[in-house]
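For reference, the structure is listed below as structure tokens.
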Amino acid sequence: MAILLFLLWIIWNGKLSVEIILFGVLLTVPAFLFGVKVLGYSLESERRFWRNFPLFLLYSLTLIREIFKAALAVALLAFDPKGKPEPVIVEFDSGIPTDFQNVLLANSITLTPGTYTLFQDKDHFVVHCLRREYAEGIDNSSFVELLRKVK
């Protein structure tokens with residue numbers, strides 16, 4: 001992280017001189033120490049981030065795909081004269097261990113059209129779905145499966 005901060009300093013300055021390098025070191029060290037002390041940064045957390053980066057990238061692409069699929073389904077429902085919402089509330093436990101991953105799942109559910117996370121406590125979720133079929137398999141969705149693979 002310290003190296004990245006220093007490289008950003010050099011790039012944003014646009015030129016390289018002894019003064020810029022020394023001033024960059026003087027700014028990078030306190031910023032790095034702030035990250036360690038206040039933000040809880042550690043080398044282990046950075047290793048964990050890079051180890052899981054491909055999964056989070058895949059998760060992001062899956063989220064985008066699911067948003068588009070759900071948006072199309074909700075649009076078709078809205079424009080179908082015979083289509084009626086059949087709202088249902090579903091409760092499930094995700095089995096995902098960390099708060100960060102559970103909050104990520106709750107937000108992903110809310111971002112997906114036709115579903116809304118009403119309540120989330122640790123790995124327990126209460127979700128409102130616009131139609132019954134939107135609720136089917138929500139406890140083992142692609143979001144949940146990807147988040148369970150994160151180490």
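Only this structure's heavy atoms are used, side chains among them; waters, hydrogens and symmetry mates stay out.
- No side-chain heavy atom of Val88 sits under 4.5 Å from any side-chain heavy atom of Arg131.
- In Leu61, the CG atom is crowded: over 12 heavy atoms of neighbouring residues, nucleotides or ligands sit closer than 6.0 Å.
- Formation of a donor-acceptor pair under 3.5 Å by the Asp139 side chain with backbone atoms of Phe92 is not found in this model.
- Atom CD1 of Ile138 is separated from atom OG1 of Thr117 by 7.0 Å, given to the nearest 0.5 angstrom.
- When the side chains of ILVMFWY residues are joined at heavy-atom separations under 4.5 Å, either directly or via intervening members, Val103 and Leu146 end up in two distinct hydrophobic clusters.
- In terms of heavy-atom proximity, Arg148 sits nearest to Ile96 at CG-CG1, 4.1 Å.
- Both Leu63 and Phe56 are members of a single hydrophobic cluster when ILVMFWY side chains are connected at heavy-atom separations under 4.5 Å.
- For the atom pair CG of Leu104 and CG of Asp99, the computed distance is 12.5 Å after rounding to the nearest 0.5 Å.
- Between the side chains of Thr98 and Gln101, a donor-acceptor pair is found at a separation under 3.5 Å.
- Residues Ile21 and Ile10 are in side-chain contact: their nearest non-hydrogen atoms beyond the backbone lie under 4.5 Å apart.
- Checking side-chain atoms of Thr115 against main-chain N and O of Thr110 turns up no donor-acceptor pair under 3.5 Å.
- Atom CZ of Phe49 is surrounded by more than 12 heavy atoms from other residues, nucleotides or ligands within 6.0 Å.
- Between Leu118 and Ile89, the closest side-chain pair of non-hydrogen atoms falls below 4.5 Å.
- Checked against the 6.0 Å centroid criterion, the rings of Phe125 and Phe119 do not qualify as a close aromatic pair.
- If you chain together hydrophobic residues whose side chains sit under 4.5 Å apart, Phe68 and Tyr116 never meet in one group.
- Leu16 and Val25 end up in the same hydrophobic cluster when Ile, Leu, Val, Met, Phe, Trp and Tyr side chains are linked at under 4.5 Å.
- Within a 6.0 Å radius of CZ in Arg51, more than 12 heavy atoms belonging to other residues, nucleotides or ligands are found.
- Remark: Glu44 CD is packed, more than 12 non-hydrogen atoms of other residues, nucleotides or ligands lying under 6.0 Å away.
- For the residue pair Tyr134/Thr112, the side-chain donor-acceptor check at 3.5 Å is not satisfied.
- If you chain together hydrophobic residues whose side chains sit under 4.5 Å apart, Ile109 and Tyr59 fall into the same group.
- The other residues sharing a hydrophobic cluster with Val38 are Phe34, Leu39, where clustering joins ILVMFWY side chains under 4.5 Å apart.
- Not counting sequence neighbours, Phe100 has no partner by the ring pair (Phe, Tyr, Trp, His ring centres under 6.0 Å) test.
- In this structure a side-chain-to-backbone donor-acceptor pair under 3.5 Å is present from Gln120 to Lys122.
- Between Phe6 and Phe32, the distance separating the two ring centers is not shorter than 6.0 angstrom.
- The shortest non-hydrogen separation linking Pro113 to Ala70 is O-CB, 3.3 Å.
- Asn13 has its side chain within reach of Trp9: a pair of non-hydrogen atoms, C-beta onward, lies under 4.5 Å apart.
- Checking side-chain atoms of Asp80 against main-chain N and O of Leu76 turns up no donor-acceptor pair under 3.5 Å.
- Using modelled atom types, one finds a donor on one side chain and an acceptor on the other under 3.5 Å when comparing Ser94 with Asn102.
- Side-chain N or O atoms of Ser45 include none that pairs as donor or acceptor with a backbone N or O of Tyr41 at under 3.5 Å.
- In this structure, Val90 and Cys129 have side chains that are in contact, with non-hydrogen atoms separated by less than 4.5 Å.
- Interatomic distance, Leu58 CG to Ser142 OG, rounded to the nearest 0.5 Å: 9.0 Å.
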